[in-house]
Amino acid sequence: MSETRNIAVTVNGKRYERSVDVRLTLADFLRGPLGLTGTHLGCEHGVCGACTILVDGQSARSCLMLAVQANGHEIATVEGLAPSAERLHPLQEAFRDNHGLQCGFCTPGMLMTLVEFLRDHPNPTEGEVRVAISGNLCRCTGYQGIVAAALDAAGRMRKGG
Ligand code: FES
Ligand code: FES
């Protein structure tokens, strides 16, 4: 028998109130009831990083959290990164310009991981970037373009881009 709870969460600045099954993961809550399918599901057990989001500014695996655990918290997903419909976030621009993606499946998780990392490490070394994304698996790029994009984005953001 399923059990439900009422939750209220803020996602990308918008408040949502929903009744959810207590077993529903946060990833499935974002992708299903909220329709925010930018958060991807790869492994669904905490390994691949495709489902990475920010919870109160800290990166988290949304496949390993329940929706009820997000009650009262602020969530940021890839849909909220770009400042407007006409303008990308500098990290997104850098991914585009440095071939930081191919199929794009890992990209939302990479972006959310790197947004947090670059916020806390605005002038990273290549080695620090590689460690930062070591929990995010990419099957396409060989990581070189992603690392280049992260370093490029750091420079753009330091200049206020
Ligand atoms: S889907 Fe969450 S870590 Fe892979
Ligand atoms: S771009 Fe395809 S998995 Fe990373």
Side-chain angles (χ1 to χ4, degrees), residues 5 7 9-12 16 18 20-82 87-121 124-157:
R5 292 276 188 285
I7 64 169
V9 294
T10 302
V11 183
N12 302 328
Y16 296 87
R18 295 284 190 281
V20 296
D21 191 304
V22 293
R23 299 168 302 179
L24 184 69
T25 68
L26 179 56
D28 284 339
F29 175 67
L30 293 168
R31 290 177 52 82
L34 301 196
L36 297 170
T37 54
T39 298
H40 290 169
L41 282 166
C43 66
E44 298 191 60
H45 64 187
V47 174
C48 73
C51 66
T52 304
I53 56 164
L54 302 185
V55 179
D56 298 332
Q58 304 296 312
S59 58
R61 308 289 213 214
S62 60
C63 72
L64 294 184
M65 269 185 77
L66 295 169
V68 290
Q69 291 176 295
N71 186 29
H73 293 280
E74 300 241 356
I75 310 292
T77 71
V78 71
E79 286 91 346
L81 260 193
R87 217 173 133 224
L88 294 173
H89 187 283
L91 187 55
Q92 292 172 309
E93 288 179 344
F95 264 64
R96 178 193 61 198
D97 296 346
N98 291 276
H99 308 290
L101 66 151
Q102 289 180 28
C103 79
F105 195 86
C106 70
T107 310
M110 287 284 185
L111 291 171
M112 300 314 288
T113 298
L114 285 166
V115 156
E116 177 195 40
F117 173 70
L118 295 178
R119 178 195 70 203
D120 298 341
H121 304 85
T125 64
E126 178 182 332
E128 288 169 335
V129 169
R130 289 187 181 277
V131 170
I133 60 168
S134 61
N136 293 74
L137 304 184
C138 175
R139 298 178 71 166
C140 304
T141 64
Y143 300 95
Q144 196 57 38
I146 295 172
V147 172
L151 293 170
D152 183 15
R156 294 179 195 220
M157 290 160 75

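Order of appearance sets the numbers: ligands from 1, and atoms from 1 within every ligand. For the numbers below, each heavy atom of this structure counts, side chains included, while hydrogens, waters and symmetry mates do not.
Within the protein, the N, O or S atoms lying under 2.8 Å from atom 2 (Fe) of ligand 1 are Cys51 SG, Cys63 SG.
Contact annotation: the side chain of Thr113 never approaches that of Val115 to less than 4.5 Å [non-hydrogen atoms, C-beta and beyond]. Ile75 places a side-chain heavy atom less than 4.5 Å from the side chain of Leu26. At least one side-chain heavy atom of Thr52 sits less than 4.5 Å from a side-chain heavy atom of Arg61. Inter-residue side-chain proximity for Leu137 and Val47 is flagged as met; some heavy-atom pair is nearer than 4.5 Å. Annotation: side chain of Met110 is in contact with side chain of Cys138 (closest heavy-atom distance under 4.5 Å). Counting heavy atoms from C-beta outward, Arg18 and Leu34 have side chains that approach closer than 4.5 Å. Side-chain contact between Phe117 and Val131 is absent, with no heavy-atom pair separated by less than 4.5 Å.
Nearby protein atoms of type N, O or S around atom 2 (Fe) of ligand 2 amount to 2 (distance under 2.8 Å).
Contact check on Asp152 versus Arg96 returns no salt bridge, with no Lys/Arg side-chain nitrogen under 4.0 Å from an Asp/Glu carboxylate oxygen.
Other residues, nucleotides and ligands contribute more than 12 heavy atoms inside 6.0 Å of the CZ atom of Arg119.
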